[in-house]
Amino acid sequence: MSGQDAWPRGPSRRWSPSPLLYASAAVHVGAAAALLARPHAWPWALSAVVANHAGLAAAGLWPRSQLLGPNWIRLPAHDGESGAVAITIDDGPDPDVTPQVLSQLAERRARATFFCVGERVECHADLTREIVSRGHDIENHSQRHRHNFSLLGPGGMSTEISRAQDSILRATGSRPRFFRAPAGLRNPFLDPVLARLQLRLASWTRRGFDTVDANADAVYRRLANPLQDGDILLLHDGNAARGRGGKPVILEVLPRLLDAVASKQLRPVTLRSAL
Ligand SMILES: [Zn+2]
């Protein structure tokens with residue numbers, strides 16, 4: 001659980017730069033000072049700044065990184081409690097797939113967290129409300145799921161995220177508490193935006209790659225080998241790859257995964273319930 005101990009559990013959080021951002025600021029100040037003192041050393045100063053930006057970009061392209069700010073990659077450890085896993089389902093709601101996912105979850109009395117896309121929530125508001133009425137939580141996966149999300153500036157990120165907050169609030173009457181970036185990709189502008197909107201970033205422990213791989217056995221193995229206390233697992237009801245007979249791969253994997261969770265005496269919980 002390293003990196004999560006400092007995570008605020010209360011209702012509000014204030015932004016503070018991560019150690020990597022402090023180090024980046026120091027590199028810029030140092031490069032400027034070196035330029036003033038020895039102008040002919042400009043290639044070295046420029047190289048340091050370029051290398052620093054390459055490092056920041058790399059941290060943003062690594063979804064499970066905690067270098068740009070707090071990021072749930074596992075459920076936090078609560079004193080004396082254990083035995084929980086979180087199944088998270090992204091990119092919906094989807095009018096074909098999501099109702100079948102809800103039935104599979106209900107059959108096994110399991111709760112899940114749905115990271116929904118604001119535009120899709122607006123198109124399928126009744127289905128969004130049904131997700132909530134069945135006991136699941138809906139969280140923010142941006143308004144449009146833009147593929148260039150990680151290239152947006154603070155204004156663009158704020159628009160994408162706050163519009164999805166509004167779409168989900170209008171549909172369900174409840175405001176999300178977590179955000180997941182499209183494809184998990186981000187940049188240093190994200191964390192201050194999330195802090196202002198009182199959102200926590202969540203990625204995952206393992207993902208099935210079920211938007212690109214229609215082989216249910218392979219997707220299942222990626223998620224469940226090994227299945228451990230505190231895992232956050234990622235599947236997709238939106239953009240699901242299609243396996244045999246055009247069946248969305250999540251529908252082949254989810255029952256097996258829930259059976260594995262039960263056989264290990266683990267409880268499927270929502271992220272919000274682990275706050
Ligand atoms: Zn997504």
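Throughout, numbering of the chain's residues begins at 1 and tracks the sequence. In each ligand, atom 1 is the first atom listed, and ligand 1 is the first ligand listed. Quick caveat: nothing in here was measured; it's all calculated off a predicted structure.
For the residue pair E139 and T113, no side-chain donor N or O sits within less than 3.5 Å of a side-chain acceptor on the partner.
Distance alone, capped at 3.5 Å, places no donor-acceptor pair between the D237 side chain and the V101 backbone.
Between H53 and H28, the two ring planes are perpendicular [angle over 60°; tilted spans 30° to 60°].
Other members of the cluster containing V50 are L35, W42, L46, with ILVMFWY side chains joined at under 4.5 Å, either directly or via other members. Residue W15 is found in a hydrophobic cluster whose other members, listed by chain and number, are L20, L21, L56, W62, L67, L68; membership requires side-chain heavy atoms under 4.5 Å apart, directly or through intermediates.
Ordered by chain and number, D91 OD1, H141 NE2, H145 NE2 make up the set of protein N, O or S atoms under 2.8 Å of the Zn ion (ligand 1).
Applying the side-chain hydrogen bond (donor to acceptor under 3.5 Å, both in side chains) rule to Q104 yields no partners; only residues at least two apart in sequence or on another chain are considered.
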